[in-house]
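The structure appears below as structure tokens.
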Amino acid sequence: MSTENEGTAVPPAPSAPPVPVDAPAPSAPSAPEAGAPTTPLPPVPPGAPGAQEQELVHAGAPAYAATAQGSGPGPEDTAPGSEGAWPPPVVPSYADGGSGGDGTAWGATYQQPAPKPRSGRGGLVAAILVAALVAGGLGGGLGYTLAKNNDDGGSSTTLSASDSGGSVKRDAGTVAGVAAKALPSTVTIEAESTSGEGGTGTGFVFDTQGHIVTNNHVVADAVDGGKLTATFPSGKKYDAEVVGHAQGYDVAVIKLKNAPSDLKPLTLGNSDQVAVGDSTIAIGAPFGLSNTVTTGIISAKNRPVASSDGSGSNASYMSALQTDASINPGNSGGPLLDAQGNVIGINSAIQSSSSGGLGGTSQSGSIGLGFAIPINQAKYVAQQLIKTGKPVYAKIGASVSLEESTGGAKITEQGASGADAVESGGPAAKAGLKPGDVITKLDDSVIDSGPTLIGEIWTHQPGDKVKITYERDGKTNTVELTLGSRTGDS
């Protein structure tokens, strides 16, 4: 679906009003002095902006909020253990698109009058200065007279203006207070592949050992022998290396080389306790503008989002926190904070129109729909990456269709590469699930598609017990199963 806002031509400027019949003829201006410059009139205002096209992108055009300088590699768009195309339930576009349009010039028939000599303008300036001096003298005289009269009455009052507005105090709970505390613990990340391609993103200090948490897609270019740097707001820049990355979760951990001893990790909040309407503060480097702070609210919770970099790589799935805080390319990997400065999420993706970005670039910007990975999930993933270097995913042991649907997640008839759709001896098989079953709920969360189910499963940890509601032959059944585990992205 696309909408087009057509530019409206501005009517030409009105001509000068007619001169009354009995109006006296204006006196001729005095001649300018020899060699004196004249001041030209300002040019006619530029053309009004033209039509802009805005398009809402859906299925298969998700978006990362990273500033990409080049496209990255990527395997097929299939979920682990499944095959087929996957239109995601929420489809954030990859910050791209263009804009254009011609406007109509203002007042095409308007003719500029000949410039006036400088002497006339100088006389006006002199008159204004004289008027100012007279007014000042008058005010001073009145003030002196009033003071003298008061003195004659036996009493006087002296009023003096304050030299300053007083010291500015910013409480810790204000946006300025939160930003002042959090900014020193955020970094701007630059990742570059061996071929010179890469981009810019954001990260934040996770511990005092120098570990920085960010998005997988921010550092993906630097994974195989590339270059990675992290720059603090103070200007200090450090080389870094990738400790581990989880493509499915879109979480990565890097470590600073020769990390300073005074690192201050950001405090992690509890994303499960976040409520719609809570204030949010996002920090990042939108369009490369490091250390940018924006504010908003939590506009939705548990938003199923499947996103990729648009280059054909596997999708990342999340049950996201949605915020209207301005998030743009370059904010990826940055912290989403609550009003107390606690990290409640990692900014990861945006829904964006396809019209052009700043300066007519190919990247689109924020339209108030940003998505963050809940910190409770990201914390678990980061700890696994630091411990083993590899991500651990929860699973039910069944392949589900990734086709767009509103009826649930259907277990396919066959798994990837000819494997069984229901893993023998896996959690789903032990619970009695079969190919063709349609899963409609996981615990109390409604499941409307395969990607939604995957996102919900990945909010849990292996070993968690969950209730699965499914439909078979028109009947609804509920079973309990214990989630299994899978290590690595392959």
Side-chain angles (χ1 to χ4, degrees), residues 72-83 86 206-207 209 211-220 222-225 241-255 305-309 313-319 333 346 348 373-400 402 409 411-412 415-431 433 439 442 450-466 468 481-490:
E76 303 183 332
D77 281 344
T78 56
S82 62
E83 58 185 2
W86 58 267
F206 187 69
D207 59 27
Q209 285 71 50
H211 290 110
I212 305 293
V213 173
T214 184
N215 283 144
N216 170 74
H217 71 266
V218 169
V219 303
V223 168
D224 297 320
E241 60 184 354
V242 178
V243 172
H245 59 105
Q247 183 276 321
Y249 291 121
D250 195 24
V251 174
V253 176
I254 66 176
K255 188 174 183 180
V305 174
S307 58
S308 75
D309 61 5
S313 64
N314 285 340
S316 299
Y317 299 92
M318 68 184 91
S319 183
I346 301 177
S348 179
I373 304 165
I375 195 60
N376 288 9
Q377 177 182 0
K379 176 183 177 181
Y380 165 75
V381 177
Q383 290 172 336
Q384 291 295 323
L385 293 176
I386 293 172
K387 183 179 180 180
T388 67
K390 294 183 179 180
V392 178
Y393 297 92
K395 70 173 185 178
I396 63 170
S399 297
V400 294
L402 298 179
I411 298 179
T412 58
S417 303
D420 292 336
V422 178
E423 177 186 324
S424 178
K430 291 179 179 179
L433 295 175
I439 298 174
L442 189 151
T452 302
L453 176 63
I454 296 171
E456 283 297 325
I457 290 173
W458 285 356
T459 63
H460 292 78
Q461 299 178 15
D464 286 352
K465 293 183 182 296
V466 297
I468 298 292
L481 57 80
T482 301
L483 296 174
S485 66
R486 173 174 64 84
T487 302
D489 282 314
S490 59

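Sequential numbering from 1 along the given sequence is applied to the chain's residues.
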What is the distance from atom CD of E423 to atom NZ of K430, rounded to the nearest 0.5 Å? 9.5 Å

Pairs satisfying side-chain hydrogen bond (donor to acceptor under 3.5 Å, both in side chains), at least one member in residues 377-394, at least two apart: Y393-D489

Nearest heavy-atom neighbours spanning L385 and P391: CD2-N, 3.6 Å

So, the side chain of N215 versus the backbone of D250: is there a donor-acceptor pair under 3.5 Å, distance only? yes

Would you mind telling me which of V242, V251, V219, V253 makes a side-chain contact (heavy atoms from CB on, under 4.5 Å) with T214? V219

Quick one, L453 with I396, criterion side-chain contact (heavy atoms from CB on, under 4.5 Å). Give me CA distance, side-chain angles, the key distance, then yes/no. CA-CA 10 Å; L453 176 63; I396 63 170; 4.3 Å; yes

Suppose we screen for side-chain hydrogen bond (donor to acceptor under 3.5 Å, both in side chains). Which residues come up paired with D464, at least two apart in sequence or across chains? none

Nearest-0.5 Å distance, CG of residue N376 to CD of residue Q461: 9.5 Å

Which pair of heavy atoms, one from P427 and one from G484, lies closest together, and at what distance? CG-N, 3.6 Å

Which atom of G450 lies closest to which atom of L402, heavy atoms considered: C-CD2, 4.2 Å

Reported CG-to-CD1 distance for the pair L483 and I468, which is rounded to 0.5 angstrom: 7.5 Å

For S399 and A416 the tightest heavy-atom approach is OG-N, 4.3 Å

Tell me the closest heavy-atom pair linking P451 and Y317, and the distance in Å. CB-CE2, 3.6 Å

Which pair of heavy atoms, one from S319 and one from T459, lies closest together, and at what distance? CB-CG2, 3.7 Å

Backbone N or O of V392 within a donor-acceptor pair of the T487 side chain at under 3.5 Å? no

Residues that S485 engages under side-chain hydrogen bond (donor to acceptor under 3.5 Å, both in side chains), provided they are two or more places apart: none

Taking C-beta and beyond as the side chain, do Q209 and I386 meet within less than 4.5 Å on heavy atoms? no

Going through the distances and angles, do L442 and H460 end up as a side-chain contact (heavy atoms from CB on, under 4.5 Å)? CA-CA 11 Å; L442 189 151; H460 292 78; 3.7 Å; yes

